[in-house]
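This report concerns only the one structure given below.
When reading the values below, keep in mind they use all heavy atoms of this one structure, side chains included, and skip hydrogens, waters and symmetry mates. Below, chains carry the letters A, B, ... as their sequence lines are ordered, and counting in each starts from 1.
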Amino acid sequence: GQQLNQSPQSMFIQEGEDVSMNCTSSSIFNTWLWYKQDPGEGPVLLIALYKAGELTSNGRLTAQFGITRKDSFLNISASIPSDVGIYFCAGHNQAGTALIFGKGTTLSVSS
Amino acid sequence: DGGITQSPKYLFRKEGQNVTLSCEQNLNHDAMYWYRQDPGQGLRLIYYSQIVNDFQKGDIAEGYSVSREKKESFPLTVTSAQKNPTAFYLCASSIGAKSVETQYFGPGTRLLVL
């Protein structure tokens, strides 16, 4: 099945720094979702995007649905230690109902 | 408290044994899903169900089976035909199965082979 290209694969940052990660697809997507997964737990939804160009914030997190409908980014401002985890992008393309996932970005924050 | 529960948290399987992972939701969602997660990989879809008594194969259905006799429950059986079952299994649900529906995940079950 199709997978999304998510980058970077991992990030090591200092507390207080801003973070940016993105996902790209070869096909048009109808939705973009960003999840965070803590070790040994299920992914938790952070932000859902439904329209091209949409920019949505959730606290220190901001995500955008690219205007080409083939990409999305997630920014985290002023990172804190509890931001540590794996961030996944996911979306629905026009082919079917199943969510397609990126391979994740592992974020490490040092204090 | 609405949500998705998965049990057990950890499950051990012996060679040649079938094991069943439980997934229950009280969100009144029509659609439910099973994913497999391997280290460094994204989530891969095993099976999904859009409505009671109906389910479809995902990308990696071989060696797995499911049933959907009740709206709230979508158990996954890992059969002896699945030669590499060690993984983290995640159940999810959504209001419906349309392409704009957001999926919500359970806490996962880690399956280990003895």
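Linking ILVMFWY side-chain heavy atoms closer than 4.5 Å, directly or via other members, places B:V113 and B:F88 in two distinct hydrophobic clusters. No single ILVMFWY cluster, assembled from side-chain heavy atoms under 4.5 Å apart, contains both B:I95 and A:L33. Hydrophobic cluster membership differs between B:I4 and B:W34, with clusters built from Ile, Leu, Val, Met, Phe, Trp and Tyr side chains linked at under 4.5 angstrom. Residues A:F73 and A:V19 do not share a hydrophobic cluster, clusters being chains of Ile/Leu/Val/Met/Phe/Trp/Tyr side chains in contact below 4.5 Å.
Here A:G40 is the residue among A:A90, A:G40, A:S10, A:A48 with the most heavy-atom pairs under 4.5 Å with chain B. The candidate from B:L45, B:I60, B:L43 with the greatest count of non-hydrogen atom pairs under 4.5 Å with chain A is B:L43. The candidate from B:K9, B:R110, B:R44 with the greatest count of non-hydrogen atom pairs under 4.5 Å with chain A is B:K9.
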Give the C-alpha distance, both sets of side-chain angles, the deciding distance and a yes or no for side-chain contact (heavy atoms from CB on, under 4.5 Å) between A:L99 and B:Y33. CA-CA 10 Å; A:L99 263 183; B:Y33 311 81; over 6 Å; no

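Using a 4.5 Å cut-off between heavy atoms, A:Q37 contacts chain B through its side chain alone, with no backbone atom that close. Proximity to chain A (any heavy atom under 4.5 Å) is restricted, for B:Q37, to the side chain, taken from C-beta onward.
Between B:T102 and A:Y50, some side-chain heavy-atom pair lies under the 4.5 Å cut-off.
Taking a 6.0 Å sphere around NZ of B:K14, one finds it holds 12 or fewer heavy atoms contributed by other residues, nucleotides or ligands. Counting non-hydrogen atoms of neighbouring residues, nucleotides and ligands closer than 6.0 angstrom, the CD atom of B:E62 reaches no more than 12 such neighbours.
Minimum heavy-atom separation, B:L90 to A:P43: CD1-CD, 3.7 Å.
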